[in-house]
Novice: 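Starting off with a structure, shown below.
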Amino acid sequence: MTERLANSIRNAREVYGWTQAELAARVGVSRKTINTIENGIFVPSTLTALKIAEALGRSVEELFSVIES
Amino acid sequence: MHDVHGVEEAERMGRARSRIFFVLAIVFFSGQAAYFGSSPLTRDSTPRIGAWLILVCLILMLLATGGFLLRGRKVRDLLNDETSRMNRLASQALGFWVTIITALALYVESMFDSLTFNEGVHILVTLGVGSALISFAVRERRAHSA
């Protein structure tokens with residue numbers, strides 16, 4: 001059984017109508033980083049996760065969750 | 001907070017970088033194929049070795065820094081953010097393992113066949129640096145288009 005990090009960044013972002021580039025600009029990372037996090041390819045650092053949560057006005061726990069598969 | 005223009009510029013540069021690294025890898029491997037295809041008497045001429053050393057140093061510098069050193073700090077920080085740093089580390093690790101495994105293979109091969117020191121170094125550097133370069137280009141390309 002493996003664990004992976006799921007996230008609801010795309011949904012939260014779309015609530016604001018932001019593109020990945022707009023969210024990236026608010027967080028201070030590249031669009032590629034937002035893209036890879038949204039698609040579960042890249043697991044962000046705590047710092048980036050906190051910055052994303054702050055930009056989206058959510059808590060980290062609301063945005064990220066561990067799922068077993 | 002960055003402006004969207006900066007993010008888009010970093011995006012363009014990042015995509016261009018992965019393409020440039022692919023092309024650079026092809027040039028690098030082609031140069032090595034030409035080296036091993038030429039006569040052993042002429043292959044170690046000073047200009048050829050000099051050009052090779054310059055190219056290797058350039059690639060190592062690009063792998064160590066991510067390139068675009070003359071660009072503004074903000075865009076460069078975006079270009080080399082967390083994802084790119086992780087991709088670079090993973091590529092450098094791959095290059096390390098390829099170099100070590102190649103060195104072991106060359107050691108065994110030298111027991112059965114004569115191999116000059118220069119040839120051995122060329123093979124080691126070509127495979128080690130080349131694999132890291134291609135790996136970084138592939139990882140970056142995948143990250144952009146995921």
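Residue numbers begin at 1 in each chain, while the letters A, B, ... track the order of the sequences.
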Novice: First locate atom CD of B/Glu8, then atom OG1 of A/Thr19, and finally report the distance between them rounded to the nearest 0.5 Å.
Specialist: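 The OG1 atom of A/Thr19 is 7.5 Å from CD of B/Glu8, to the nearest 0.5 Å.
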Novice: Applying the 4.5 Å side-chain criterion to the ILVMFWY set and letting contacts propagate, would B/Val138 and B/Met13 be lumped into a single cluster?
Specialist: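 Shared cluster, no.
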Novice: When you measure from the side chain of B/Asp81 to the backbone of A/Val29, do you find a donor-acceptor pair of N or O atoms at a distance under 3.5 Å?
Specialist: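 No, B/Asp81 side chain to A/Val29 backbone: no donor-acceptor pair under 3.5 Å.
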Novice: Would you name the heavy atoms of A/Ala25 and B/Asp3 that are closest together and state the gap between them?
Specialist: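 Nearest pair, atom of A/Ala25 first, then B/Asp3: CB-C, 3.9 Å.
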Novice: Let's test your reading of the structure: which of B/Arg15, B/Glu140, B/His5 forms the most heavy-atom pairs below 4.5 Å with chain A?
Specialist: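 Heavy-atom pairs under 4.5 Å are most numerous for B/Glu140.
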Novice: Search all heavy atoms of A/Ser30 against all heavy atoms of B/Leu78 and return the closest pair with its distance.
Specialist: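 Looks like CB-O, 3.4 Å.
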Novice: Would you name the heavy atoms of B/Glu11 and A/Lys32 that are closest together and state the gap between them?
Specialist: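 Closest approach of B/Glu11 to A/Lys32: OE1-N, 3.8 Å.
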Novice: Test of understanding: clusters of I, L, V, M, F, W, Y form through side-chain heavy atoms closer than 4.5 Å, transitively. Do B/Leu55 and B/Val121 belong to the same one?
Specialist: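 Linked, B/Leu55 and B/Val121 end up in one cluster.
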Novice: Treating Ile, Leu, Val, Met, Phe, Trp and Tyr as nodes and any side-chain heavy-atom pair under 4.5 angstrom as an edge, say whether A/Leu5 and A/Ile34 lie in one connected cluster.
Specialist: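 Same cluster.
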Novice: Out of curiosity, does B/Met61 fall in the hydrophobic cluster containing B/Phe68 (side-chain heavy atoms, cut-off under 4.5 Å, transitive links)?
Specialist: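 Cluster IDs for B/Phe68 and B/Met61 differ.
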Novice: Identify, with sequence neighbours excluded, every residue that meets salt bridge (charged side-chain N to carboxylate O under 4.0 Å, His left out) alongside B/Glu82.
Specialist: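 Counting only residues at least two positions away or on another chain, B/Glu82 forms no salt bridge (charged side-chain N to carboxylate O under 4.0 Å, His left out).
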